[in-house]
Asker: 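Here you go, one structure.
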Amino acid sequence: MATAGRSETKKSEKSFDFICTLCDGENKTVEGVIYCVECSGYCCQSCTDTHKKFPTLRNHNLLDVSQRNQAGNQQPKLPELPERCGTHHGKPLTTYCEKHMVNRCRVCISKDHSKPTESRLRDTIYSMSSLYDSKDTQLATLVEAKNEALQKITKIQKVLKAAITKATEISKEELENTYIELEDEILQDQSNIKKIIDDLQSTNDKFIKTDRNMAQHFQCIDLAEEQIKEADDLMHQQKMNADIYVHLSFTPSQSLIDNINGLNGIGEVIRRTKKRTNLYKVLGSSDINIKLIDDSEECQSHGCCLTLDNNHLLLTDYNNKKLKCFDIDMMMMVDYCTLDGSPFGVCCTSTDEAVVACGNANMIQFVSIDEEMSPTKQIPMSHVCYGIATKDDKLYITDSASALYMYDMTGNLLKTVSQDSTGNKLFYHSRHVTFNESGKNMYVGNVYKNIVCFDYALNYLSTYKDNRLSSTNGVCVDGKGSIFVVGWGSDHVVQLNECGTRIGTVTRRQDELTHTQSVCFHRKLNILFVTMVSSDVVKMYELGCTP
């Protein structure tokens, strides 16, 4: 059968200089009259007409191949064509990728280079969400400060009775207005952060929906880059203020009694934006004797923690295989229990239970601390257990070597981390673990690289280094933005801020610290406890902030 502009035969009956690529695929020999550069194939007249009907194909470069060279009856010379991508159906290689040092088609470039943007987009969403949550912490602190100020005002009000009532209400109003101003600032920050999070999430969703639409995909990349920059700028601004917290206080008027009438309030509401850069100083120190009568060996306390009611200090004794309890109010040892393994770290899971990392026994031991201390269940581990901390029914355990592990409370392994995203080793003897006051970040003592910082999901964030620290072991926080760090070889307590910047050294040489192992801080009493290797005493420091 033959039609105008289309000579069709069985494939074996006749040959042409140019064969229609589509018809050839159907086992038909049809003369090709047009060559499509983008499709890298020939078309007969019928296929050419069909080709032109599709909107996405209309801009393809169609070359006429019907002309012959009259002098030599040679095939027409077609223009040199660009190299074709072997992965994406002959797409022209239009772009040189410096990263991979090869030519790439537009699809390759889109897929290869949109992935980093998508990854950064997800990371930025997480970072902004964490920043948003941190504002809740600021609000809670602000409410607590407001309540403390109200208590002072109420006490003064009772003393001054009726004559002071009007002035009291003025001060309350001033306090409330100041609080509202501060609250509005924080809520506005949250609103700005939430908007960026929503925009980022929306763009992230579009990435998924536009995977096959290249034009929209490139638009999403441009939009994501703009939004990421906006988020980075806001996070940078917030980071600049990371060591700042909002505070309210109330100072009674000293001239109140003499000038009771006509006062504009009973004191002054002070709005404080206080930087957490003050170095603690030692106001006093004492030794806690942790040696018990039946201890056969010299004490070696590798770990300590406060009970959740802050009334007792729990101490591990590696040499004597004991967990000991010190009553802070009575200032004496009140209880202990003997363990099957030598203990390193300890943390509290509830008001009446603690869990101990039992060193080379490769297990963790749960201990009841309600009334009388006694071991309960044990969970075997596949590694050495050194530092231990708990958060949201998860256990975080180090192996005193190269890794940090996350378990659930029944001992199921949830995650292990030992390297950063580029494959670099994170730990050289991982030690004690602690969380900051918001619970979003955790800090791990690391003998050779000082402090390694993660988020609560064990995503690596950064490493804090200080050359004046040696063989870092213990780490804890003060709940106000400072980190205390001790090192086995440095024999003093170093204070850092949450960004890892050194504030200063808290203890002095005359404080007689040797081979420090662990540290914990009593936030209400401002007392710092420091344990040491091969010592029957634990150092207790009463701290105050320098002006």
Side-chain angles (χ1 to χ4, degrees), residues 130 133 302-316 318 321-325 335-418 427 430-445 452-460 474-477 479 518 520:
S130 298
D133 292 340
H302 282 273
C304 63
C305 77
L306 292 167
T307 55
L308 297 187
D309 60 11
N310 290 316
N311 293 329
H312 298 87
L313 176 70
L314 300 181
L315 299 153
T316 62
Y318 184 87
K321 293 186 177 180
K322 291 177 180 176
L323 178 65
K324 301 178 177 181
C325 181
D335 202 357
Y336 76 93
C337 66
T338 303
L339 308 173
D340 291 336
S342 296
F344 281 120
V346 59
C347 69
C348 288
T349 61
S350 66
T351 56
D352 56 6
E353 183 184 62
V355 59
V356 182
C358 289
N360 295 327
N362 291 12
M363 72 168 184
I364 58 173
Q365 172 72 65
F366 287 84
V367 176
S368 172
I369 56 175
D370 184 21
E371 296 185 357
E372 184 176 349
M373 293 176 63
S374 61
T376 54
K377 66 178 178 179
Q378 294 179 355
I379 299 179
M381 297 290 171
S382 61
H383 55 81
V384 172
C385 300
Y386 192 97
I388 188 168
T390 182
K391 179 69 177 175
D392 297 333
D393 293 327
K394 303 289 189 303
L395 290 172
Y396 299 84
I397 304 174
T398 64
D399 61 1
S400 188
S402 60
L404 170 65
Y405 305 84
M406 179 170 67
Y407 293 90
D408 64 19
M409 285 298 183
T410 61
N412 294 314
L413 180 61
L414 304 178
K415 189 172 182 179
T416 303
V417 60
S418 60
F427 297 110
S430 53
R431 294 302 174 93
H432 287 293
V433 185
T434 191
F435 283 87
N436 68 354
E437 53 266 30
S438 69
K440 298 300 181 182
N441 290 350
M442 64 185 303
Y443 310 103
V444 183
V452 186
C453 181
F454 299 86
D455 64 20
Y456 69 95
L458 289 195
N459 296 306
Y460 169 71
V475 58
C476 71
V477 298
S518 67
C520 69

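Quantities reported herein were computed from a predicted structural model and do not represent experimental measurements.
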Asker: Which distance, rounded to the nearest 0.5 Å, do you find between the CG of Asp399 and the OG of Ser430?
Answerer: 4.5 Å

Asker: For residues Leu323 and Gln365, determine if any side-chain heavy atom of one lies less than 4.5 Å from a side-chain heavy atom of the other.
Answerer: no

Asker: What pairs of donor and acceptor atoms, side-chain ones from residues 389-396 against any protein atom, are under 3.5 angstrom apart with sequence neighbours left out?
Answerer:
{"unit_1": "Thr390", "atom_1": "OG1", "unit_2": "Lys394", "atom_2": "O", "d": "3.0"}
{"unit_1": "Tyr396", "atom_1": "OH", "unit_2": "Tyr456", "atom_2": "O", "d": "2.9"}

Asker: Grab the two heavy atoms, one from Asn311 and one from Thr307, that are nearest each other, plus how far apart they are.
Answerer: N-OG1, 3.6 Å

Asker: For Glu353 and Ile369, indicate whether the former's side chain and the latter's backbone hold a donor-acceptor pair under 3.5 Å.
Answerer: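 No, the answer is negative, given that no donor and acceptor are paired below the 3.5 Å cut-off.
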
Asker: On a heavy-atom basis, which atom in Arg431 and which in Ser400 lie closest, and how many Å separate them?
Answerer: NE-OG, 3.4 Å

Asker: Could you state the interatomic distance from OG (Ser418) to CG (Leu404), rounded to the nearest 0.5 Å?
Answerer: 10.0 Å

Asker: Taking side chain as C-beta onward, heavy atoms only, is Cys337 less than 4.5 Å from Lys322?
Answerer: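 Side chain of Cys337 against side chain of Lys322, heavy atoms only: no contact under 4.5 Å found.
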
Asker: Which heavy-atom pair separates Cys520 from Cys304 by the least distance, and what is that distance?
Answerer: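 Minimum heavy-atom separation between Cys520 and Cys304: SG-SG, 3.6 Å.
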
Asker: Look at the side chain of Asp335 and the backbone N and O of Cys325, then say whether any donor-acceptor pair between them is shorter than 3.5 Å.
Answerer: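 Between the backbone of Cys325 and the side chain of Asp335 there is no qualifying donor-acceptor contact (under 3.5 Å).
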
Asker: How long is the straight-line distance from CG of Leu313 back to SG of Cys305, given to the nearest 0.5 Å?
Answerer: 7.5 Å

Asker: Ring-plane angle category for Tyr405 and His383, please: parallel below 30°, perpendicular beyond 60°, tilted otherwise.
Answerer: parallel

Asker: Is there a side-chain contact between Asp309 and Thr351 in this structure, where contact means two heavy atoms from C-beta onward sitting under 4.5 Å apart?
Answerer: no

Asker: Please report the shortest heavy-atom distance between Pro375 and Leu339, naming the atom on each side.
Answerer: CG-CD2, 4.3 Å

Asker: Going by atom types only, do Ser342 and Asn360 share a side-chain donor-acceptor pair under 3.5 Å?
Answerer: no

Asker: Please give me the minimum heavy-atom distance between Pro343 and Val356, naming the atom from each residue.
Answerer: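 Result for this residue pair: CB-CG1, 3.3 Å.
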
Asker: If you compare all heavy atoms of Leu458 against all heavy atoms of Lys415, which two are closest, and at what distance to 0.1 Å?
Answerer: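 That would be O-NZ, 3.7 Å.
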
Asker: Under the ring pair (Phe, Tyr, Trp, His ring centres under 6.0 Å) definition, can you give me all pairs with a residue in residues 356-378, not counting sequence neighbours?
Answerer: none

Asker: Any chance you could measure Cys453, atom SG, to Asn459, atom CG, to the nearest 0.5 Å?
Answerer: 11.0 Å

Asker: Is there a donor-acceptor pair under 3.5 Å between the side chain of Thr316 and the backbone N or O of Gly345?
Answerer: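 Judged by distance alone, no pair lies under 3.5 Å.
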
Asker: Rounded to the nearest 0.5 Å, how far does OG of Ser368 lie from CE of Met373?
Answerer: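 Rounded to the nearest 0.5 Å, the CE-OG separation comes out at 9.0 Å.
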
Asker: Can you tell me how far OH of Tyr407 sits from CD1 of Ile379, rounded to the nearest 0.5 angstrom?
Answerer: 10.0 Å

Asker: Below 4.5 Å, heavy atoms only, C-beta onward: do Phe435 and Val477 meet side chain to side chain?
Answerer: no

Asker: By ring-ring contact (aromatic ring centres under 6.0 Å, His included), which residues pair with Phe344, not counting sequence neighbours?
Answerer: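 In terms of ring-ring contact (aromatic ring centres under 6.0 Å, His included), with neighbours along the sequence ignored, Phe344 is linked to His302, Tyr318, Tyr386.
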
